[in-house]
Engineer: 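My questions will all concern the structure given below.
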Amino acid sequence: MAVDLTNPIFHDENAARKHLESVRWPEGPVCAHCGSKRVTRMEGKSHRPGLIHCNDCEKPFTVTVNSVMERSKIPLAKWVLGFHLMAASKKGISSHQLHRMLGITYKSAWFLSMRIREAMGLDPETSSPIGGGNKVVESDETYVGGKKKNVHNGKPEPKKHAVVTLVERDGAVRAKHVPNVTAKNVKEHLSANVDKASYLMTDESKVYITVGKKFAGHMSVNHSQDEYVRLGGFVHVNTAESFHALVKRGMYGTFHAVSEHHLQRYIDEAAFKWNNRIAVGIDDTMRATNAIKGAEGKRLMYHQSRSAGSAC
Ligand SMILES: [Zn+2]
């Protein structure tokens, strides 16, 4: 893992705050409440460090307000290290590892990791569709979980959970947990995320027949007849299967039991790493910076992550 632990941003609160501010506000502080740039830093011992006053809405804020870090009692340097460790880890990092490496309670580490996954999630309102003219987008389904130890609210969850993955060849991925793989669910996911000018590649599942007609082209590979690759290697869903392997490796190798309630966050983490991979020129540091950028405007509330404590 290429994280330089001697960097002051990982152990000095002021350095960590400056780092978070420079990522969130590269051109200087912007009010976290109203977006105004007419702000004044509150210096002096009577104010908590990093406090800024907005001269328009008259409200105070810091770099953590209106972000996944808001109201957290975890020191900022530990947040910054948490972002870097999670962004640099290929297979994912467990809450137990974070607990040991950051020196915070297991419960705090679990909540921090869930908030960082939230930051890694794409904002559906600002993310652009994948694919386009002369581009190939693969769509494929997989099933994860389903082990007896997947217990949620005291009940075992023997059901396997479906994930539909859309991935542009040599491009970005959009993956989503759906209750069932139906024509309706697949169509919704495709319509929201894929440019209609794309060529669609799927397996032979009937759920794609109708929606496939909306694209520039639709070809399918018949897995049941051992026909994984046809037309000179053009028709396949191997890219989507590579992404599924990434999701499963993280979930089975590191995270142990993942309940359906939290599944999408783990998918989002894998998708974030795929979309910010070395092959597209993004190194560990840039990936961590992008995760911190994603922290803005998202808050993971107590009721959204029910097994976490409020004192994290
Ligand atoms: Zn304001």
Side-chain angles (χ1 to χ4, degrees), residues 7-84 86-87 102 104 108-128 192 264-265 268-269 271-272 275-276 282 285-306 308-312:
N7 192 324
I9 62 175
F10 300 135
H11 49 81
D12 178 275
E13 280 299 276
N14 282 322
R17 183 179 306 101
K18 275 186 189 149
H19 179 66
L20 292 171
E21 288 184 354
S22 71
V23 171
R24 182 170 180 177
W25 301 313
E27 285 149 31
V30 177
C31 177
H33 305 290
C34 75
S36 171
K37 289 182 179 171
R38 294 185 57 245
V39 298
T40 308
R41 283 190 182 274
M42 308 300 281
E43 313 281 357
K45 284 184 182 159
S46 59
H47 300 291
R48 72 197 148 97
L51 196 69
I52 304 170
H53 177 82
C54 175
N55 300 322
D56 275 322
C57 73
E58 302 284 340
K59 287 182 191 162
F61 63 94
T62 67
V63 72
T64 63
V65 169
N66 190 24
S67 85
V68 300
M69 291 170 278
E70 184 163 2
R71 292 186 197 184
S72 165
K73 294 187 174 76
I74 299 167
L76 297 181
K78 296 190 185 217
W79 271 105
V80 174
L81 182 54
F83 270 105
H84 278 75
M86 285 184 69
L102 300 180
I104 56 180
S108 291
W110 185 87
F111 200 38
L112 171 136
S113 71
M114 280 302 182
R115 292 193 193 190
I116 290 176
R117 288 188 184 99
E118 179 78 5
M120 288 174 168
L122 275 176
D123 184 345
E125 302 201 342
T126 55
S127 60
S128 51
Q264 186 63 46
R265 296 194 202 289
D268 286 346
E269 181 186 7
F272 172 84
N275 294 338
N276 289 273
I282 296 179
T285 303
M286 290 162 71
R287 199 176 309 114
T289 299
N290 288 345
I292 291 170
K293 278 183 190 156
E296 181 171 0
K298 293 179 191 145
R299 288 193 56 199
L300 185 60
M301 303 298 286
Y302 177 63
H303 65 268
Q304 288 177 282
S305 55
R306 49 193 82 171
S310 55
C312 306

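All ligand and atom numbering here is 1-based and tracks the order in the structure.
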Engineer: Using a 3.5 Å distance criterion without hydrogens, assess whether the side chain of Glu70 forms a donor-acceptor pair with backbone atoms of Asn66.
Structural biologist: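 Yes, Glu70 side chain to Asn66 backbone: donor-acceptor pair under 3.5 Å.
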
Engineer: So, with waters excluded, how many protein N/O/S atoms does the Zn ion (ligand 1) have closer than 2.8 Å?
Structural biologist: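 Total protein N/O/S atoms under 2.8 Å from the Zn ion (ligand 1): 4.
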
Engineer: What residue pairs, at least two apart or across chains, pass salt bridge (charged side-chain N to carboxylate O under 4.0 Å, His left out) with a residue in residues 20-42?
Structural biologist: Glu21-Arg41, Arg24-Glu296, Arg38-Asp56

Engineer: When rounded to the nearest 0.5 angstrom, what distance separates CD1 in Ile116 from CE in Met69?
Structural biologist: 8.5 Å

Engineer: Run Asn55 and Thr40 through side-chain contact (heavy atoms from CB on, under 4.5 Å) and show every step you take.
Structural biologist: CA-CA 7 Å; Asn55 300 322; Thr40 308; 3.0 Å; yes

Engineer: Which pairs would a plain distance check flag for residues 288-295, meaning a side-chain donor or acceptor within less than 3.5 Å of a matching protein atom at least two apart in sequence or in another chain?
Structural biologist:
residue	atom	partner	partner atom	Å
Thr289	OG1	Thr285	O	3.0
Asn290	ND2	Asn276	OD1	2.9

Engineer: Under the rule for side chain to side chain donor-acceptor pair (under 3.5 Å), what residues qualify as partners of Glu13, not counting sequence neighbours?
Structural biologist: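 Partners of Glu13 by the side chain to side chain donor-acceptor pair (under 3.5 Å) criterion come out as none, since no residue qualifies.
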
